[in-house]
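Basis for what follows: all heavy atoms, side chains included, without hydrogens, waters or symmetry-related copies.
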Amino acid sequence: MTTMTETSARFREFKMPDVGEGLTEAEILKWFVQPGDTVTDGQVVCEVETAKAAVELPIPFDGVVHELRFPEGTTVDVGQVIIAIDVAPGSGDAPAPAVAAPAQEPVEAPEAEAEPKGRTPVLVGYGVAESSTKRRPRKEAAAAPEAAAVAAAVQAELNGHGAPAPAPAAPAPASAPAGGRPLAKPPVRKLAKDLGIDLATVVPTGKDGIITREDVHAAAAPAAAEAPAAVASPVAPEAPAAAVPAAVSDSARETRIPVKGVRKAIAQAMVGSAFTAPHVTEFVTVDVTRTMKLVAELKEDKDMAGVRVNPLLLIAKALLVAIKRNPEVNAAWDEANQEIVQKHYVNLGIAAATPRGLIVPNIKDAHDKTLPQLAEALGELVTTARDGKTSPAAMAGGTVTITNVGVFGVDTGTPILNPGESAILAVGAIKLQPWVHKGKVKPRQVTTLALSFDHRLVDGELGSKVLADVAAILEQPKRLITWA
């Protein structure tokens, strides 16, 4: 099912699809095409980030890009048109292609062009909200030179280059709308909030009394001049740095970073998990010397050629065997029906740190995989996550998770459950330590495991059995065969 509208026999519009399941918005990270570029059916035209992952969007028809409706960095509601395609180029005169001007696309004006109310078809997923999607009118292109001139003047003043031009008479503040709220675009409101500027005190210079970014920067300039060692804000601007002055942070002593996309979803999920599922965490320290020897042997085994063999592989296999011996741990809590849902499959989640935050993709039906298959699946999962290409589907449906804090040199921790899952195993750093082995103190490879579980469906006995089984397998890895 495609997300597009046909404005005429010549032009087609492509809407922001629900790239997850039930998501309502996505941020445009990067455009791969520009007006005038030729595109073909299935070609990726942009990358967007949702609350779950970064996803590339393909266009579902051939043609020439006529218009990009939103600039990079804009958060767009599902169902809004993001690109227009000329599917019959050369058939006649057409309006000049346009690129959405950064930070000038949406304006607070009476909304128009309401699209039909109801569920909009989507390219992927099925979670579009039942609402009316509207598009706001854009500024006239003629206003661009004026805005650029104002931006250049403000930039010169902030940088101290040259003598300032005689200041024109300050325009009188425009009458506020009926609600008393100053007129400004959403990106400008955000900029004012970041700089601590009250929009009610800003003199508007934009058309129809709209406050522009330059107006906000002008209001912030005096405060910035008085602040010691003011620094540029690391927050990504809504417009290219060359077009407008760089935003200045509130203070040189702190930095404010907007929480959105994957990081926002992580925060919300962790808070929800911590305060809905009663967590219990148990710990065990185990001698994994034999497991480390087996890892070294497997690396030389021809049957494992072409796949990555590491301690995490055997830890994952040990957890899968422990779940097989204690299947009740592989469950979920159904709050609506007040039921415990036993899972007869294991989708094994592996926590992965990425530039966009911590994500937990999972290996589907991990319980059915041989050791080489599990190794291959782990390698693909890690590579995809590091490349930022993990799909929402890859993160859905997990049952149990492993988080390897040992890669950071950490001994252990108390992991928080991935929402909807029953247990999570934290693996600490494997270190050479003195250990009593066969009645003598010897240097051995030792690690600490921590298992957190939902005490509503996993009691202390069951949780202890699972953790003890994992530890026993890692101490004597031959149990991978005898217990499997």
Side-chain angles (χ1 to χ4, degrees), residues 266-267 269-271 273-275 277-295 310-323 325-326 329-330 346 348-354 357-362 366 378 381-382 385 398-419 421-437 441-455 458-477 479-480:
I266 293 170
M270 291 300 97
V271 171
S273 176
F275 291 100
H279 284 58
V280 172
T281 305
E282 295 184 341
F283 309 88
V284 64
T285 302
V286 58
D287 176 3
V288 295
T289 304
R290 290 185 178 90
T291 290
M292 297 303 291
K293 289 181 179 179
L294 180 57
V295 169
N310 55 25
L312 180 60
L313 171 62
L314 295 186
I315 292 168
K317 192 64 175 178
L319 179 58
L320 291 171
V321 172
I323 293 173
R325 287 166 54 85
N326 305 275
V329 75
N330 189 43
V346 181
L348 182 62
I350 304 295
T354 73
L358 183 71
I359 63 174
V360 188
N362 60 76
L378 270 173
L381 180 149
V382 172
T399 61
V400 177
T401 291
I402 295 176
T403 178
N404 185 9
V405 298
V407 296
F408 305 108
V410 175
D411 291 332
T412 190
T414 55
I416 296 178
L417 293 168
N418 204 31
E421 299 183 9
S422 59
I424 179 171
L425 178 69
V427 182
I430 299 175
K431 299 178 179 179
L432 196 64
Q433 297 183 20
W435 192 263
V436 178
H437 177 67
V441 177
K442 296 182 179 181
R444 304 287 286 180
Q445 298 283 352
V446 177
T447 190
T448 299
L449 307 175
L451 183 72
S452 290
F453 48 88
D454 186 339
H455 215 339
V458 179
D459 59 25
E461 179 185 13
L462 178 58
S464 298
K465 286 182 177 179
V466 172
L467 185 59
D469 279 356
V470 174
I473 293 170
L474 295 179
E475 186 175 15
Q476 294 282 355
R479 293 188 173 111
L480 286 172

[X] side-chain N/O to [Y] backbone N/O, donor-acceptor pair under 3.5 Å:
X: Arg325; Y: Asp469; result: no
X: Ser452; Y: Pro415; result: yes
X: Asn310; Y: Leu313; result: yes
X: Thr291; Y: Pro477; result: no
X: Thr285; Y: Thr448; result: no

Heavy-atom pair with the smallest gap, counting every atom of [X] and [Y]:
X: Gly463; Y: Glu282; answer: C-OE1, 3.7 Å
X: Pro278; Y: Asp454; answer: CD-OD1, 3.5 Å
X: Arg479; Y: Ala472; answer: NH1-O, 2.8 Å
X: Asn404; Y: Val427; answer: OD1-O, 3.4 Å
X: Ala450; Y: Thr412; answer: CB-OG1, 3.4 Å
X: Ala322; Y: Val466; answer: CB-O, 3.9 Å

Residues forming a salt bridge (charged side-chain N to carboxylate O under 4.0 Å, His left out) with Lys431, sequence neighbours excluded: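 Partners of Lys431 by the salt bridge (charged side-chain N to carboxylate O under 4.0 Å, His left out) criterion, ordered by chain and then number, come out as Asp411.
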Rounded to the nearest 0.5 Å, what's the gap from [atom1] on [X] to [atom2] on [Y]? Could you check?
X: Asn330; Y: Leu348; atom1: CG; atom2: CG; result: 10.0 Å
X: Leu319; Y: Leu467; atom1: CG; atom2: CG; result: 10.0 Å
X: Glu461; Y: Asn326; atom1: CD; atom2: CG; result: 9.5 Å
X: Ile473; Y: Arg290; atom1: CD1; atom2: CZ; result: 14.5 Å
X: Ile430; Y: Leu474; atom1: CD1; atom2: CG; result: 8.0 Å

For Phe453, the option from Ile424, Asp459, Thr281, Val280 that meets side chain to side chain contact (heavy atoms under 4.5 Å, CB included):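 Filter result, single survivor: Val280.
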Result of checking His437, Glu475, Arg444 against Thr289 for side chain to side chain contact (heavy atoms under 4.5 Å, CB included):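 Between Thr289 and the candidates, side chain to side chain contact (heavy atoms under 4.5 Å, CB included) is satisfied uniquely by Arg444.
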Step-by-step side-chain contact (heavy atoms from CB on, under 4.5 Å) determination, Thr399 to Ser422: CA-CA 7 Å; Thr399 61; Ser422 59; over 6 Å; no
Step-by-step side-chain contact (heavy atoms from CB on, under 4.5 Å) determination, Val436 to Val441: CA-CA 4 Å; Val436 178; Val441 177; 4.2 Å; yes
Check against side-chain contact (heavy atoms from CB on, under 4.5 Å), Asn418 and Asn362: CA-CA 11 Å; Asn418 204 31; Asn362 60 76; over 6 Å; no
Side chains of Ile315 and Leu425 in contact at under 4.5 Å (non-hydrogen atoms):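 Yes, at least one pair of side-chain atoms sits under 4.5 Å.
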